[in-house]
There are 2 protein chains.
Amino acid sequence: MTDPSARRPRADAVRNRERVLIAAEALFAELGLHAQTDDIAARAGVGVGTVFRHFPTKRDLVEAVIARRTESLIADARDAAADPSPGQAFRRLFAQAAELLARNRAIAEELAAGMDVPALAPSAKQALFAAMCQLAARAQASGELRADLCPADIVMLVSCVAHSVELAQRIDPGLRRRFLAMVLDGLRPGATTPLPGRRLDLEELGRLAGQRTAP
Amino acid sequence: MTDPSARRPRADAVRNRERVLIAAEALFAELGLHAQTDDIAARAGVGVGTVFRHFPTKRDLVEAVIARRTESLIADARDAAADPSPGQAFRRLFAQAAELLARNRAIAEELAAGMDVPALAPSAKQALFAAMCQLAARAQASGELRADLCPADIVMLVSCVAHSVELAQRIDPGLRRRFLAMVLDGLRPGATTPLPGRRLDLEELGRLAGQRTAP
DNA sequence: TGACAAGCGGAGCCTTCACTCCGTATTCTA
DNA sequence: TAGAATACGGAGTGAAGGCTCCGCTTGTCA
């Protein structure tokens, strides 16, 4: 697959790409997706042109940053699948995700947007959702999680937790832990109200979200 | 307080103001806060200048629309305070709010933004939050709602429900009912996990939100 | 019914931001 | 080390969208 005629990239290009990523990580974490390309370039000590050569659109840059920052969480999610108590693992993962989100505004905003902005190939977001849903399924099988929860509900939950983190950070970070605890209480198997309506799996969810976002 | 020298407003001005409000209600409901002033003017059959004479900024127009659309919900909330089962009334009010939000994107976005954009005098949003918190307090007193819930949690909940409605509308409206049911399950008094951290009342919440939003 | 305050319309201003273009500089290869 | 290939910088472009300005129109009051 690798073109043998392709020469290795220039050293300055490699260096600059890395600098841009680091600057973007910092600014996206602090300001969210509203961080501006010019500022990222300035922080990286590089011209805007350079940013756009490495990442043709701002969206590409966002994706790259989020993929890097989410890597370890996705790894944790996969490890958790082997945990002897899937229910506890599920709750722990949610808490870890919330912590990550609290330190990275852009990721919180991105996850708050749910399944939207699709067609991004097997993106970090999708990988994370998939891992969480698998973990949830195991927790349901072991009776530690309400059985009527479906994958679409999980995506919704993650999105809402992300939203709550965004909100809490602007007001009082303690609030996000309270919200999380409350939501997790609603997920216990002893839940009193059966969830109404039809179940929706990840595939269909992606399809529905895709339909709406396409121009 | 009324200036006696002020003549009554011209008939065409009154008519146009009403037209603008109706057009804005329709477009905000459909497109959310992104609806554009030019389009609202066009829909009202009026020039942009006219819109801005009646509502000096877009924000003013949004406030006016939301106040109108929220009136009956706030009235319901106040009535609910007299309900013999405050717990049920609380849950019913949440469901009513979610329905309203589903039909009005702008209100959903606005409530999703939580306590932000303050300094809007006794706004519709604040009135609604206040009424809901009062109802919650009664439900707690009657043991139908977990006792460790504080006013800030309610605001957070409303905001997250609004967010979930926004999300669900783009994907599958059924999801918003599932989310609501799940969250309400987490509010029952039998909840297992005590909410961590300190309680926060509406006043302090408003102060904190104000600090962050001020320029 | 005439004078004039109040209101109207909409071209265009101004700011914000993602993104482009091209002359110059740096790195790599032979 | 020369020449080609690649990358760089940043002024400039274009689109979006809130808001202003001012010449014209319309209601109101005496």
Side-chain angles (χ1 to χ4, degrees), chain A residues 2-24 27-28 30-66 105-106 109-110 113 117 120 215, chain B residues 2-24 27-28 30-66 105-106 109-110 113 117 120 215:
Chain A
T2 315
D3 182 359
S5 74
R7 45 169 93 187
R8 111 169 85 80
R10 268 169 56 167
D12 55 348
V14 173
R15 195 191 322 126
N16 281 336
R17 192 191 147 90
E18 185 61 22
R19 275 188 190 167
V20 168
L21 271 174
I22 290 172
L27 282 180
F28 281 145
E30 189 182 339
L31 305 174
L33 298 170
H34 290 93
Q36 288 169 224
T37 326
D38 292 40
D39 295 335
I40 291 171
R43 174 103 155 213
V46 131
V48 230
T50 299
V51 173
F52 282 99
R53 195 162 326 93
H54 290 291
F55 304 95
T57 68
K58 186 181 177 181
R59 183 75 228 158
D60 291 320
L61 180 53
V62 169
E63 272 291 303
V65 166
I66 292 191
R105 273 194 81 166
E109 288 175 22
E110 187 68 17
V117 194
L120 288 171
Chain B
T2 316
D3 182 357
S5 72
R7 45 171 92 188
R8 110 169 86 85
R10 269 168 55 165
D12 55 348
V14 173
R15 195 191 321 128
N16 281 335
R17 193 191 147 91
E18 185 61 22
R19 276 189 189 166
V20 168
L21 271 175
I22 289 172
L27 283 178
F28 282 145
E30 189 182 339
L31 306 174
L33 298 170
H34 291 93
Q36 287 169 224
T37 326
D38 293 40
D39 294 335
I40 291 172
R43 174 104 156 211
V46 130
V48 229
T50 300
V51 173
F52 281 100
R53 194 161 328 93
H54 289 291
F55 305 95
T57 67
K58 186 180 178 180
R59 183 76 226 156
D60 292 319
L61 181 53
V62 169
E63 272 291 305
V65 167
I66 292 190
R105 271 195 82 169
E109 288 175 24
E110 186 67 20
V117 195
L120 289 172

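Letters A, B, ... are given to chains in the order of the sequence lines, protein chains preceding strands, and every chain is numbered from 1.
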Check your understanding: D:dC8 P sits how many Å from A:R17 CZ, rounded?
Key -> 11 Å
Practice item. For B:D12 and D:dT25, give me the distance from atom CG to atom P, rounded to whole Å. Key: 15 Å
Check your understanding: Starting at CZ of B:R8 and ending at P of C:dG7, how long is that distance when rounded to a whole Å?
Key -> 13 Å
Point to revise | Short side-chain to backbone donor-acceptor contact, A:E109 and A:L33, under 3.5 Å | key: yes
Check your understanding: Would you say C:dG7 has OP1 or OP2 under 4.0 Å from some side-chain N or O of B:T50?
Key -> no
Review point. Is there a side-chain polar atom (N or O) of A:H54 under 4.0 Å from OP1 or OP2 of D:dA7?
Key: no
Point to revise | Side-chain N or O of A:T37 closer than 4.0 Å to phosphate OP1/OP2 of C:dA18 | key: yes
Point to revise | Donor-acceptor contact present, side-chain A:D60 to main-chain A:T57, <3.5 Å | key: yes
Check your understanding: Mapping A:V46 and B:F52 onto DNA chain D by nearest heavy atom, which one lands closer to the 5' end?
Key -> A:V46
Practice item. Establish, with yes or no, whether the OP1 or OP2 oxygen of D:dT26 is under 4.0 angstrom from a side-chain nitrogen or oxygen of B:R10. Key: no
Exercise for review: Send over the distance from A:R59 CZ to C:dC19 P, rounded to a whole Å.
Suggested key: 11 Å
Point to revise | Along DNA chain C (nearest heavy atom to each residue), the more 5'-positioned of B:D38 and A:T57 | key: B:D38
Review point. So does A:N16 get a side-chain nitrogen or oxygen closer than 4.0 Å to the phosphate oxygens (OP1/OP2) of D:dC8?
Key: yes
Revision key, fill the gap. Picking from C:dT29, C:dA18, D:dC8, the nucleotide nearest the side-chain atoms of A:Q36 would be C:dA18
Practice item. With the side chain counted from C-beta on, respond yes when A:D12 and A:R15 share a heavy-atom pair under 4.5 Å apart, and no when they do not. Key: yes
Check your understanding: To the nearest angstrom, how far is B:L61 atom CG from D:dC19 atom P?
Key -> 10 Å
**Study point:** Rounded interatomic separation in angstrom, taking CZ from A:R19 and C1' from D:dG9
**Key:** 14 Å
Revision key, fill the gap. Judged by nearest nucleotide, the residue sitting upstream toward the 5' end of DNA chain D, B:A35 or B:R15, is B:A35
Review point. Whole-Å distance between D:dC22 C1' and B:R53 CZ?
Key: 11 Å
**Study point:** Side-chain N,O (B:H34) to OP1/OP2 (D:dA16) below 4.0 Å
**Key:** no
Check your understanding: In whole Å, what is the span from the CD1 atom of B:I40 to the P atom of C:dG10?
Key -> 17 Å
Review point. Just how far is it from atom CZ of B:F28 to atom CD1 of B:I66, taken to the nearest 0.5 Å?
Key: 8.0 Å
Review point. Could you give the distance from NE2 (A:H34) to CZ (A:R105), rounded to the nearest 0.5 Å?
Key: 8.0 Å
Practice item. Look at the side chain of B:A11 and decide which nucleotide, out of D:dT28, D:dG18, D:dC8, has an atom nearest to it. Key: D:dT28
